[in-house]
Amino acid sequence: MSFYLLRPCQNSAAFELKPHKTAKLDLQQALEWLRKRKFRKVVDAGVMVIVERECMVNLYPSGRMLLRTNDEKLAEKLAEEVGLLLNGAT
Amino acid sequence: MLTYSVKAIIMLSGGIDSPTAAHMLQQQGWELVGLHMDNRPFTDDRETDKTRALAKHLGIPLWMAPHGPSQVKIARNTDSHLQCLLCRRMMYRTAAALAKQVGADAIINGESLGQVASQTLPNLAVIDEVCDIPILRPLIGHDKVEIERVARQAGTFDISTLPSLCCTIVPEKPATAASLPQVEKWEAQLPLEEMVDDSVSGLVQVL
């Protein structure tokens, strides 16, 4: 599954990753996968989770993700990696 | 013009609206005490930095209280459509406690009607029920263009528009016409007393 990488607004401090098609992300499975890749869990609020490695990343059940950095190159690199979750990476 | 001085808590964020509301009332001689509900990790450090800079610019004292832990409890235990409403009711409980502590008679915020989904008349009515001191909204009938014009005059616009992260736990479809019984039903699922105690005991004056 492919995705868009967007900057929500000019003064936003994050990039948004949005799946092209409606997706469903199992947040608990995603957390396990991310842990193996050295992401640290910041918070699990049930309706969304926040993890951190180079920067914080928010994940939502709809497959939407927020890459909390101003660095476009880092956002692209992280999008390629966490975007694998939308392809069913476990 | 008849003027009188009121001491009030201003719910201050790093955005455009609340500093504008503060400025408008300062012009009328109101004495304001800022309260910022610290929403990390659902926002970032830049939001708190901006709020401090805005309070400094306005020349008002600023208090901060932790709010992230309350957001988690609301998200985990209630209907996600009500997240914003329950969040705001929690904020006003803390604000009312601070008002008592500093001798303020009202709570001020930067809400204007219909600007975001949670700011509808039915929702504002539900929010107002949460505390026994008045919640006042100087911007209620203003549109965004007018608010930005006043923010520029006040010198807060450039600080408010620095990069930061807005709240990231906002539901995709927030309730726009919640009722008090519906909200109270969900609040019964929350350890409200503990949440308020945690927030109030975490109050710190930072300016």
Side-chain angles (χ1 to χ4, degrees), chain A residues 3-19 21-28 30-31 34-35 39-75 78-79 82 86, chain B residues 13-16 38-51 53-54 66-84 86-87 90 116 144 148 151 156-175 186 189-190 195:
Chain A
F3 50 80
Y4 300 102
L5 187 60
L6 316 158
R7 186 150 215 171
C9 58
Q10 202 179 8
N11 63 345
S12 170
F15 288 84
E16 184 171 344
L17 183 157
K18 264 189 142 166
K21 291 179 191 165
T22 311
K24 205 171 173 194
L25 195 59
D26 182 321
L27 295 181
Q28 294 311 311
L31 268 179
L34 290 160
R35 262 192 212 116
F39 284 87
R40 176 184 72 88
K41 182 178 85 177
V42 175
V43 71
D44 176 359
V47 296
M48 53 95 77
V49 297
I50 304 177
V51 295
E52 183 171 29
R53 200 176 64 189
E54 294 94 329
C55 66
M56 286 196 201
V57 179
N58 293 16
L59 294 97
Y60 300 85
S62 64
R64 174 181 169 238
M65 300 181 202
L66 272 184
L67 311 168
R68 294 166 59 166
T69 177
N70 282 323
D71 181 341
E72 194 170 343
K73 289 229 177 317
L74 174 61
L78 280 171
V82 295
L86 299 172
Chain B
S13 74
I16 296 170
D38 180 353
N39 204 18
R40 289 175 288 183
F42 303 105
T43 55
D44 64 9
D45 296 349
R46 282 168 284 200
E47 182 67 13
T48 48
D49 292 346
K50 277 167 64 174
T51 308
L54 287 162
H67 191 54
S70 295
Q71 293 272 39
V72 175
K73 289 190 176 83
I74 293 168
R76 294 192 77 92
N77 295 294
T78 69
D79 177 352
S80 65
H81 300 101
L82 295 174
Q83 181 80 25
C84 299
L86 298 173
C87 154
M90 264 308 297
V116 293
K144 199 71 184 184
E148 288 185 6
T156 55
F157 184 83
D158 289 345
I159 304 171
S160 296
T161 51
L162 289 170
S164 69
L165 197 66
C166 302
C167 182
T168 60
I169 195 166
V170 175
E172 278 185 36
K173 291 178 183 169
W186 283 107
Q189 309 296 316
L190 293 168
M195 288 162 70

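Just so it is clear, the model here is predicted, and its values are computed rather than measured. Every chain is numbered from 1, with letters handed out A, B, ... down the list of sequences.
Annotation: the span from B:Cys167 atom SG to B:His67 atom NE2 amounts to 7.5 Å, rounded to 0.5 Å.
Both the backbone and the side chain of B:Thr161 come within contact range of chain A, with heavy atoms under 4.5 Å apart. Heavy-atom distances place no part of B:Gln83 under 4.5 Å from chain A, backbone and side chain included. Within the 4.5 angstrom heavy-atom criterion, no atom of B:Ile74 approaches chain A.
Defined by atom type and a distance below 3.5 Å, a donor-acceptor pair is missing between the side-chain atoms of B:Thr78 and B:Gln189. A donor-acceptor contact closer than 3.5 angstrom is absent between the side chains of B:Glu47 and B:Asn39.
The side chain to side chain contact (heavy atoms under 4.5 Å, CB included) check on B:Arg76 picks up A:Asp44, B:Val72, with sequence neighbours excluded. By the side chain to side chain donor-acceptor pair (under 3.5 Å) test, B:Arg40 is found to be paired with B:Asp38, B:Asp45, residues two or more places apart in sequence or in another chain being considered. In this structure A:Glu52 satisfies the salt bridge (charged side-chain N to carboxylate O under 4.0 Å, His left out) test together with A:Arg40, sequence neighbours excluded.
A:Glu16 places no side-chain N or O within donor-acceptor distance of the main-chain N or O of A:Arg7, the cut-off being under 3.5 Å.
The candidate from B:Pro171, B:Gly68, B:Ser80, B:Pro41 with the greatest count of non-hydrogen atom pairs under 4.5 Å with chain A is B:Pro41.
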Item to complete: Show your reasoning for whether side chain to side chain contact (heavy atoms under 4.5 Å, CB included) applies to A:Ser62 and A:Lys24.
Response: CA-CA 5 Å; A:Ser62 64; A:Lys24 205 171 173 194; over 6 Å; no

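Identified by a heavy-atom distance below 4.5 Å to chain B, the contributing residues of residues 68-75 of chain A are A:Arg68, A:Asn70, in residue-number order.
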